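Since the structure comes first, as structure tokens, the remarks are kept for the end.
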Amino acid sequence: MTDVLGGRKRSDYCGELSLEDKGRQVSLMGWVQRRRDHGGVIFIDLRDRSGLVQVVFNPEIDSTAFKEADRLRTEYVVYVRGTVRNRPEGNINPDLSTGEIEIKAEDAAVLNEAETPPLQIKENLEVGEDLRLKYRYLDLRRPKMQDIIKLRHRVNKVTRDYLDEEGFYEIETPILTRSTPEGARDYLVPSRVNEGEFYALPQSPQLFKQILMVGGMEKYFQIARCFRDEDLRANRQPEFTQIDIEMSFVNRDHIFKISENLIKKIFALVEIEVPETIPIMSYSQALKEYGTDSPDLRFGMKLKDISDIVAESEFNVFRKVIENGGQVKGIKVRGGAEVSRSKIDEYTDFAADYGAKGLAWIAYKGGDVSSPITKFLSENELSGIQNKMKADEGDLLLFVADSPKITANVLGNLRLKIARERDLIPAEENKFVWIVDFPLLEYDEQNKRYVPLHHPFTSPVKEDIPLLEENPEQVKANAYDLVLNGEELGGGSIRINDKELQNRVFQALGIDKEEAREKFGFLMEAFKYGAPPHGGIAFGLDRIIMLLSGTDSIRDVIAFPKTQRGTCLLTGAPAEVSRAQLEELNINLNVDSKDKN
RNA sequence: GGGGGAGUAGCGUAGCUGGUUCAACGCGCCGGCCUGUCACGCCGGAGAGCGCGGGUUCGAAUCCCGUCUCCCUCGCCA
């Protein structure tokens with residue numbers, strides 16, 4: 001067997017060399033970032049994952065090496081041996097971390113040639129993302145991608161180290177498992193051995209981690225891949241990763257403590273400070289004031305309810321909505337009175353995207369009140385509104401009248417949009433908050449039944465348990481989300497560990513005994529044999545990496561991500577399979593094989 | 001399922017109110033020159049027929065229809 005390196009051995013990484021290494025002979029291996037041929041002297045920027053260093057080839061130093069350098073092209077893989085020396089006076093490159101030194105080449109060898117790459121390996125690349133994904137291995141050579149992948153590794157490492165210190169076991173759970181009804185659409189995998197039956201890929205290891213608690217593992221974690229067959233977004237992939245945690249014999253505060261410590265260690269990697277204790281806000285307050293359960297607390301512009309002021313109003317739009325159980329809420333855009341009508345039209349369209357039927361506005365401009373709705377409002381109502389909204393000259397008020405859900409959704413998103421537009425968000429600030437006291441369940445208008453807000457194993461808070469049958473909507477869950485700057489980092493709950501209580505929750509959800517046994521029988525069975533009190537949490541690893549690295553696409557934090565249609569541009573997945581494979585699985589397709597051009 | 005944006009040399013774009021810009025500019029690439037550059041410089045060169053299919057027209061990147069792909073987004077999804 002021949003040694004592909006010909007006995008050569010790397011001694012150093014390019015980017016780690018400095019003046020301290022002056023005079024040392026080093027052996028480097030990497031890629032040619034760039035070649036500058038001056039006829040009599042050739043410079044090479046040599047790149048490995050640590051960075052760049054300049055190599056000088058001079059025929060007076062070594063003519064063989066010089067000749068080899070003549071062959072070099074972009075992205076050739078090369079070996080260079082030479083001496084570290086400081087650069088001549090006036091030739092220092094302050095933009096390069098190794099800019100004070102260079103390598104005087106004494107030997108060089110091409111380890112592999114490379115075709116001209118379809119995209120240039122440089123920091124400020126201007127390339128379509130589809131091309132980056134197709135040639136991901138080239139994209140990954142870019143320093144920015146290298147940094148992100150490295151950061152991701154370090155987050156994994158910190159997570160493992162910390163949780164290990166705290167006595168957690170890292171336990172793998174099945175990828176091939178069974179489909180469970182709630183939540184997202186499952187990815188299915190046909191079973192060859194069991195004709196007509198399917199595995200599902202896990203949406204999360206939820207059931208397994210609870211069963212591990214019954215199994216006496218007490219403290220479990222996993223950096224777990226999860227799969228959901230739903231439409232993609234800038235921050236959503238069909239397979240994504242969670243830091244999944246479950247503990248026995250704990251209450252909410254224990255989970256908070258572990259979570260806060262973990263988040264502290266993770267964010268320390270990018271020198272973001274996490275407060276000693278993270279403040280807590282109720283779900284109802286978050287929804288009331290921010291219109292969302294993941295509020296961005298870095299700025300104000302809170303939602304204000306003016307329903308009581310306009311309940312009896314002449315203005316039908318407001319009054320009728322309130323009569324029908326809706327509400328009228330608004331936000332104040334400080335200094336927003338000067339915005340153009342077309343801007344307000346834009347806000348109206350934006351509101352419509354989130355389901356609003358309209359957007360009412362009042363502008364306090366030039367000592368006057370300008371608004372299409374004031375003529376329907378009494379003096380009292382107008383002053384009431386101005387008081388409630390604390391509106392001053394120059395302010396713009398925007399109102400939505402609709403069901404509480406739509407009102408919150410519209411204004412919550414409008415608040416964010418306007419804040420971003422008007423640059424009201426202090427970028428340097430970080431506001432962590434725990435959101436607690438979620439409703440246990442929610443009425444699903446579409447299917448006319450209650451569905452769990454979190455999942456069906458979430459424990460109700462003790463005081464509300466008696467309400468389960470009479471007033472299920474009033475029941476609060478012992479669930480919590482950790483939110484940073486309007487982004488949900490993770491969420492979890494204390495679980496039900498009592499069979500009776502679990503049955504009552506199932507009942508409230510309209511899941512009868514039969515169905516419960518069918519779907520979760522194994523969990524119910526497990527709970528018969530001494531299930532400890534337990535609870536846990538799961539953090540969205542990809543989104544955390546996005547925040548830490550300041551990227552706005554989840555694709556940038558995953559080595560091999562999928563496109564919006566769930567395809568992999570690198571491998572061409574998903575792809576058709578052979579007839580023989582399908583036959584073995586007893587699968588008949590009722591689609592024509594597609595012809596792509 | 002709905003709304004919006006994009007698809008022109010290897011890459012990023014311009015041209016898109018149709019015909020002496022039916023293809024240009026920058027980067028990259030190839031060749032030559034250059035012993036201190038580092039977005040090297042200078043000289044020369046190759047490379048696309050405008051995502052794909054169809055139509056309108058004397059004539060289409062430029063207009064129309066269909067279709068594929070990528071991105072953002074509502075719904076969906078924690």
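Reminder, nothing fancy here: chain letters follow the sequence lines and each chain counts from 1. These numbers were taken from a predicted model, which means no experiment stands behind them.
Within 4.0 Å of A/Asp231, counting heavy atoms only, lies at least one base atom of the nucleic acid. Residue-level contact check: A/Arg555 touches the backbone only, with heavy atoms under 4.0 Å from sugar-phosphate atoms and none from bases. Counting non-hydrogen atoms under 4.0 angstrom, A/Glu129 reaches the backbone sugars and phosphates but no base. In this structure, A/Arg228 reaches the sugar-phosphate backbone alone: every heavy-atom distance under 4.0 Å involves primed, P, OP1 or OP2 atoms, never a base. At the heavy-atom level, A/Asp293 lies under 4.0 Å from base atoms of the strands shown. In this structure, A/Ser553 reaches neither bases nor backbone, as no heavy-atom distance under 4.0 Å exists between it and the strands shown. As judged by a 4.0 angstrom heavy-atom cut-off over every strand, A/Leu453 is placed among the base-contacting residues. Among the protein residues, A/Asn413 comes within range of no part of the nucleic acid, since none of its heavy atoms lies under 4.0 Å from any strand. In this structure, A/Gly90 reaches neither bases nor backbone, as no heavy-atom distance under 4.0 Å exists between it and the strands shown. Contacts of A/Pro88 with the nucleic acid, taken as non-hydrogen atoms under 4.0 Å apart, include base atoms. The residue A/Asp229 sits apart from the nucleic acid: no heavy atom pair falls under 4.0 Å.
Comparing the P positions of B/C68 and B/G18 gives a spacing of 29 Å, expressed to the nearest Å. A distance of about 41 Å separates the C1' atoms of B/C64 and B/G45, rounded to the whole Å. Taking atom P in both B/G10 and B/G51, one finds a spacing of 13 Å when rounded to whole Å. When the C1' atom is used for both B/A60 and B/C70, the distance is 25 Å, rounded to whole Å. Rounded to a whole angstrom, the distance from the P atom of B/C25 to that of B/A14 is 16 Å.
Remark: A/Gln564 is in phosphate contact with B/C72, judged by side-chain N or O atoms under 4.0 Å from OP1 or OP2. Residue A/Arg73 has no polar side-chain atom (N or O) positioned under 4.0 Å from OP1 or OP2 of B/C29. Checking the phosphate oxygens (OP1, OP2) of B/C38, no side-chain nitrogen or oxygen of A/Arg87 falls inside 4.0 Å. Between A/Arg233 and the phosphate of B/C71, there is no side-chain N or O to OP1/OP2 separation shorter than 4.0 Å. Within the 4.0 Å cut-off from OP1 or OP2 of B/G36, not a single side-chain nitrogen or oxygen of A/Asn58 is found. Checking the phosphate oxygens (OP1, OP2) of B/G36, no side-chain nitrogen or oxygen of A/Arg85 falls inside 4.0 Å. For A/Arg36, no side-chain nitrogen or oxygen approaches OP1 or OP2 of B/U37 to under 4.0 Å. A close approach under 4.0 Å does occur between a side-chain nitrogen or oxygen of A/Thr563 and OP1 or OP2 of B/C70. OP1 or OP2 of B/U37 has at least one side-chain nitrogen or oxygen of A/Asn91 nearer than 4.0 Å. For the pair A/Thr74 and B/C29, the criterion of a side-chain N or O lying under 4.0 Å from OP1 or OP2 is met.
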Taking it one step at a time, do A/Asp62 and A/Lys104 satisfy salt bridge (Lys or Arg N to Asp or Glu O under 4.0 Å)? CA-CA 9 Å; A/Asp62 190 291; A/Lys104 185 178 67 166; over 6 Å; no
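Between the A/Arg252 side chain and the A/Ile494 main chain, no donor and acceptor come within less than 3.5 Å of each other. Remark: side-chain polar atoms of A/Glu113 are not paired, donor with acceptor, to backbone N or O of A/Arg73 under 3.5 angstrom. Not a single donor-acceptor pair under 3.5 Å links the side chain of A/Thr567 to the backbone N or O of A/Leu569.
For the pair A/Thr116 and A/Asp95, both in contact range of RNA chain B, the more 5′-proximal nearest nucleotide belongs to A/Thr116. The nearest heavy atom of RNA chain B to A/Leu131 and to A/Asp37 marks one nucleotide each, and the one closer to the 5' end goes with A/Leu131.
Here the side chain of A/Val41 is nearest to one of B/G36, B/C72, B/A39, namely B/G36. The A/Leu569 side chain lies nearest to B/C70 when the options are B/C70, B/C38, B/A78. Nearest to the side-chain atoms of A/His38 among the listed nucleotides B/A78, B/C40, B/G12 stands B/C40.
Scanning atom types as modelled, no donor and acceptor separated by under 3.5 angstrom connect the side chain of A/Asp130 and the base of B/C70. With hydrogens and angles ignored, a donor-acceptor pair closer than 3.5 Å exists between the side chain of A/Arg236 and the base of B/C77. Between the base of B/C70 and the side chain of A/Arg132 there is no donor-acceptor pair shorter than 3.5 Å.
Closest approach of A/Pro205 and A/Asp244 over heavy atoms only: CG-OD2, 3.4 Å. A/Pro561 and A/Leu133 get closest at one heavy-atom pair: CG-CD2, 3.6 Å.
A/Glu102 has its CD atom 11 Å from the C1' atom of B/C38, to the nearest Å. Put simply, CZ on A/Arg35 is 16 Å from P on B/G36, counting in whole angstrom units. One interatomic measurement links the two molecules: CD of A/Gln120 to P of B/C27, which rounds to 10 Å at whole-angstrom precision.
Looking at A/Gln222 and A/Thr173, their side chains do bring a donor and an acceptor atom within 3.5 Å of each other. Donor-acceptor pairing under 3.5 Å is recorded for the side chains of A/Ser553 and A/Arg555.
The base-pairing partner of B/G31, taking Watson-Crick or G-U wobble contacts with both distances under 3.5 Å, is B/C43.
Applying the 90° criterion around 0 to the glycosidic angle, B/G18 comes out anti. Glycosidic conformation, B/A61: syn, with the torsion inside 90° of 0.
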